[in-house]
Amino acid sequence: RDLHSFPTRRSSDLKSKTAFDEAKKYIPGGVNSPVRAFKNVGTYPLFIERANGSKIYDIDGNEYIDYVGSWGPMFLGHCKEIVLEAVKEACDKGMSFGAPCLAETELAKRICSLVPCVDVVRMVNSGTEATMSAIRLARGYTGRNIIIKFEGCYHGHSDSLLIKAGSGAATFGGASSAGVPEDFAKYTLVLPYNNIDAIEDAFEKMGNEIAGVIIEPVAGNMGVVPPKDGYLQKIREITKKYGSVFIVDEVMTGFRLSASGAIGRFGLDADIVTFGKIIGGGMPVGAYGGKREIMEFVSPTGPVYQAGTLSGNPLAMAAGNAQIKYLQENPYIYEEIEQKGAYLEGEFKKSAEKYGVNVRVNRVGSMMSVFFTDNDVTNFETASKSDTEKFKVYFNEMLKQGIYLAPSQFESLFLSDAHTKADLEKTAAAFDKVMEILR
Ligand code: KE4
């Protein structure tokens with residue numbers, strides 16, 4: 001089948017096309033974050049008018065079941081009453097003070113009470129700020145420069161983390177973005193995910209120069225790739241042995257993969273944990289926290305500077321507190337969402353099998369990806385062997401059936417508490433049709 005010939009759009013969302021042309025006159029690429037431009041799926045994006053529960057509605061009034069959920073934050077679904085009420089109430093008292101407020105302490109206490117290895121936590125405004133600060137803290141605390149990250153993991157767009165893998169496993173790579181001085185790359189070592197030998201080699205070679213290791217405990221930015229059994233625990237062991245800081249990036253997985261995130265799901269110990277997305281309930285919030293003796297190196301108690309005008313602002317804290325509090329009071333959500341994920345995974349696998357389409361479905365809890373490949377996907381190298389032309393057809397055919405997925409093979413589908421059985425059945429039926437097309 002010539003997959004290139006598939007029409008990528010239906011005619012019922014032309015207002016979005018016009019809106020996109022207009023946006024491109026004033027915003028780079030017409031978007032405020034690149035992945036939203038739908039470049040990877042060969043078409044123009046939908047402009048969203050509103051959302052509610054598991055649904056989003058474009059400016060043409062079309063309804064979609066939303067599996068992006070603002071890339072993770074909308075874990076309780078859109079317009080969750082308890083979150084909206086909290087934000088409206090906070091609004092009436094003032095949007096931002098630039099001074100301490102009780103809501104900051106409340107959210108910090110919630111995070112510390114839920115994540116065992118977090119004694120102290122600092123609020124920032126995005127996941128990027130959280131990981132950028134965590135890296136600076138690891139360097140300031142250890143007095144070392146080298147950071148290890150993993151190929152296919154994304155931790156936001158700070159210079160030290162926009163680095164691509166080198167040719168050999170333990171060789172330094174180069175910048176993965178223009179504008180990052182090559183000199184920066186020499187302090188970031190990029191290793192293959194799920195490869196413990198590569199870590200051991202790197203630490204044998206330069207362990208005493210390594211400030212820290214940062215990892216997605218379940219990768220969500222190369223598509224979903226779970227850690228191999230014992231892999232994360234091994235990294236914990238090695239970093240402890242060499243006095244390096246172990247940074248677990250839970251911006252995506254935090255409070256999603258369990259009431260205590262991946263840390264709780266895997267019984268992990270980390271020195272620093274970064275957060276974002278769900279802790280903001282849809283408002284711009286990031287955070288980094290960890291062991292007291294490390295966190296006290298952060299200004300004003302220590303020499304590592306970090307600051308932010310709107311960090312911990314009362315509106316964002318109101319949204320974050322409302323969402324996290326609701327999760328604390330309704331732990332059944334985690335079992336339920338596990339079952340929703342298992343159902344969808346099962347239905348997808350059944351349909352692919354029925355039509356003989358080679359896919360791998362990787363899932364951890366409410367995070368899932370469909371890779372169009374016939375090899376197991378355990379790292380970036382195997383993920384990048386997927387057939388992105390087939391993904392493009394999958395994405396656009398699902399969209400035509402009212403299913404809104406992340407517009408890239410290298411992203412995750414996100415289930416929320418708001419997705420109903422009917423939503424999942426409709427999604428499974430839509431996927432079945434796509435498999436028939438792709439057989
Ligand atoms: P933000 O700066 O986008 O809030 O967070 C950066 C970040 C850090 N760590 C992890 C594990 C992340 O997944 C992210 C951001 N995730 C992407 C989705 N793959 C955000 C979507 C986008 O870039 O528009």
Side-chain angles (χ1 to χ4, degrees), residues 27-41 45-46 48 66-75 123-136 147 149-163 176-177 193 212-227 232 247-257 261-263 265 268 270 272-289 306 308 310-311 316 319-320 362 364-369 380 383 404-414:
I27 305 171
V31 290
N32 285 311
S33 199
V35 70
R36 303 179 194 171
F38 276 28
K39 259 187 160 171
N40 301 315
V41 288
L46 294 178
I48 303 305
D66 179 17
Y67 287 102
V68 176
S70 183
W71 302 93
M74 310 322 290
F75 191 53
M123 301 296 164
V124 292
N125 300 283
S126 70
T128 292
E129 263 193 272
T131 57
M132 175 179 71
S133 310
I135 296 289
R136 184 180 310 131
I147 289 292
K149 75 173 287 289
F150 299 89
E151 195 176 22
C153 286
Y154 174 70
H155 304 287
H157 62 88
S158 64
D159 285 349
S160 292
L161 292 168
L162 287 180
I163 308 294
S176 62
S177 162
Y193 196 78
V213 175
I214 185 168
I215 195 164
E216 288 183 59
V218 169
N221 288 289
M222 52 176 125
V224 175
V225 175
L232 299 170
I247 304 166
V248 173
D249 180 358
E250 289 238 57
V251 167
M252 187 185 281
T253 54
F255 307 105
R256 171 171 288 279
L257 295 188
I263 295 272
R265 191 182 185 103
L268 260 187
I272 299 177
V273 187
T274 54
F275 302 97
K277 298 181 193 273
I278 289 177
I279 65 164
M283 296 285 277
V285 180
Y288 63 106
Q306 178 268 309
L310 292 171
S311 297
N362 281 5
V364 181
S366 58
M367 289 169 58
M368 187 169 95
S369 292
F380 184 67
Y404 188 80
L405 300 168
S408 162
Q409 169 67 84
F410 306 108
E411 295 289 353
S412 173
L413 164 160
F414 294 108

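The residues of the chain are indexed from 1 along the displayed sequence. Everything numeric here is computed off the predicted structure, so don't read it as measured data. Atoms within each ligand, like the ligands themselves, are counted from 1 in listed order.
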Donor-acceptor pairs under 3.5 angstrom involving side-chain atoms of residues 215-223: please list them, not counting sequence neighbours.
{"unit_1": "E216", "atom_1": "OE1", "unit_2": "G220", "atom_2": "N", "d": "2.7"}
{"unit_1": "E216", "atom_1": "OE1", "unit_2": "N221", "atom_2": "ND2", "d": "3.1"}
{"unit_1": "E216", "atom_1": "OE2", "unit_2": "Y154", "atom_2": "N", "d": "2.8"}
{"unit_1": "E216", "atom_1": "OE2", "unit_2": "N221", "atom_2": "ND2", "d": "3.0"}

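- Using modelled atom types, one side-chain atom of T128 and one backbone atom of H157 make a donor-acceptor pair closer than 3.5 Å.
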Any chance you could lay out the side chain to side chain donor-acceptor pair (under 3.5 Å) test for T274 and D249, step after step, and finish with the verdict? CA-CA 5 Å; T274 54; D249 180 358; 2.9 Å; yes
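- When every heavy atom of V124 is checked against every heavy atom of S311, the shortest pair comes out as CA-OG, 3.7 Å.
- At a heavy-atom cutoff of 4.0 Å, ligand 1 is surrounded by S33, V35, W71, S126, G127, T128, Y154, H155, G156, E216, N221, D249, V251, M252, K277, E411.
- Nearest heavy-atom pair across P73 and S70 is CD-O, 2.8 Å.
- Considering only heavy atoms from C-beta on, N40 stays 4.5 Å or farther from F410 through its side chain.
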